[in-house]
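See structure below.
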Amino acid sequence: MISKVASFSLLAGAALVVLASFRLQPSNETTLSGAGKIEFQEENWDAALAKAKKENKLIFVDLYATWCAPCKMMKVQTFGNQEVADLFNENFINVALNGEKGKGLELMDKYKLRAYPSLLFIDSEDKVLVHTEGFHNATQLIYLGQQVLAISEKKILK
């Protein structure tokens with residue numbers, strides 16, 4: 001009897017997590033733009049690299065999966081934060097890619113990434129400077145972005 005109750009509780013809990021993740025999904029899975037949101041580029045990868053070189057900026061890449069609850073939470077909670085948007089829109093070329101198809105899948109394979117979300121900071125020569133995985137809240141992502149900028153400025157000054 002206890003094992004049936006425990007099994008039911010686990011199953012019900014898992015169902016609630018899945019349902020909650022669907023509620024967090026934005027209406028457009030690949031792009032969030034406008035006031036208070038990171039503006040992710042719609043351009044192809046070569047165009048993003050060229051723009052990064054022209055503007056002397058790093059590329060911030062969000063590699064996500066459509067089924068990934070932490071990815072959906074980041075799109076809503078973190079990428080929709082005004083302070084995060086201000087920092088990233090001003091200092092990075094932002095690209096969001098589905099890691100299960102197209103260029104996103106190529107990058108997942110190229111850099112041997114296995115988790116979602118995978119967040120990359122890449123220079124205009126297509127070299128990964130920083131890679132991290134998993135959910136980051138606004139405070140964590142701002143700190144990470146500031147650290148990456150500090151590292152890249154030291155690299156540029158040398």
Side-chain angles (χ1 to χ4, degrees), residues 17 20-158:
V17 169
S21 72
F22 285 116
R23 292 183 55 205
L24 295 170
Q25 183 175 356
S27 59
N28 183 339
E29 290 181 5
T30 60
T31 303
L32 290 174
S33 62
K37 296 179 182 170
I38 291 182
E39 296 173 9
F40 287 101
Q41 302 293 318
E42 294 282 338
E43 302 167 90
N44 68 39
W45 186 247
D46 292 332
L49 288 170
K51 187 172 184 175
K53 183 171 258 180
K54 180 181 176 187
E55 296 182 17
N56 195 29
K57 292 183 176 180
L58 297 175
I59 302 170
F60 168 65
V61 182
D62 168 35
L63 286 161
Y64 67 90
T66 57
W67 50 263
C68 169
C71 300
K72 294 174 186 181
M73 288 172 52
M74 280 193 70
K75 286 191 188 307
V76 173
Q77 295 175 10
T78 307
F79 300 156
N81 176 282
Q82 185 68 55
E83 290 179 63
V84 172
D86 291 345
L87 178 69
F88 279 75
N89 290 338
E90 182 177 332
N91 294 290
F92 300 101
I93 306 300
N94 304 300
V95 179
L97 298 170
N98 184 334
E100 296 185 316
K101 64 181 181 179
K103 189 61 180 183
L105 181 58
E106 286 179 39
L107 291 178
M108 292 293 290
D109 289 340
K110 178 179 181 177
Y111 297 119
K112 298 178 180 21
L113 307 174
R114 300 290 173 243
Y116 296 107
S118 279
L119 307 176
L120 306 171
F121 292 87
I122 299 176
D123 68 15
S124 61
E125 303 301 319
D126 206 3
K127 179 183 173 198
V128 174
L129 301 178
V130 175
H131 163 247
T132 187
E133 299 171 342
F135 178 84
H136 289 64
N137 66 31
T139 302
Q140 293 167 327
L141 194 59
I142 288 169
Y143 179 77
L144 179 61
Q146 290 170 338
Q147 294 302 307
V148 170
L149 289 171
I151 290 167
S152 69
E153 287 175 12
K154 288 178 184 173
K155 179 183 170 195
I156 292 169
L157 294 174
K158 288 185 178 180

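Residues take their numbers from the sequence shown, with the count starting at 1.
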Where is the tightest heavy-atom contact between [X] and [Y], given as atom of each residue plus distance?
X	Y	result
Leu58	Ser152	CD1-CB, 3.7 Å
Asn94	Asn89	ND2-OD1, 3.4 Å
Phe40	Ala96	CD2-N, 3.4 Å
His136	Met74	N-SD, 3.5 Å

For the residue pair Phe121 and Phe60, categorise the inter-ring angle as parallel (less than 30°), tilted (30 to 60°) or perpendicular (more than 60°).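 Answer is tilted, since the angle falls between 30° and 60°.
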Main-chain N/O of [Y] paired to [X] side chain as donor or acceptor, under 3.5 Å:
X	Y	result
Lys72	Thr66	yes
Lys57	Lys51	no
Ser118	Leu63	no
Tyr116	Gly99	yes
Gln140	Asn137	yes

Dump the intermediate steps for side-chain contact (heavy atoms from CB on, under 4.5 Å) on Ile59 and Phe92, then the final yes or no. CA-CA 5 Å; Ile59 302 170; Phe92 300 101; over 6 Å; no
Hey, mind stepping through Asp62 and Leu119 against side-chain contact (heavy atoms from CB on, under 4.5 Å) and telling me if it holds? CA-CA 5 Å; Asp62 168 35; Leu119 307 176; 3.6 Å; yes
Side chains of Glu106 and Trp45 only: does a donor on one sit below 3.5 Å from an acceptor on the other?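 Result is no, nothing qualifies.
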Under 3.5 Å, is there a donor-acceptor pair between the Asn81 and Gln77 side chains?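 No - no donor-acceptor pair under 3.5 Å links their side chains.
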Would you mind reporting whether Leu149 and Gln146 have side-chain heavy atoms less than 4.5 Å apart?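 Sidechains of Leu149 and Gln146: no contact.
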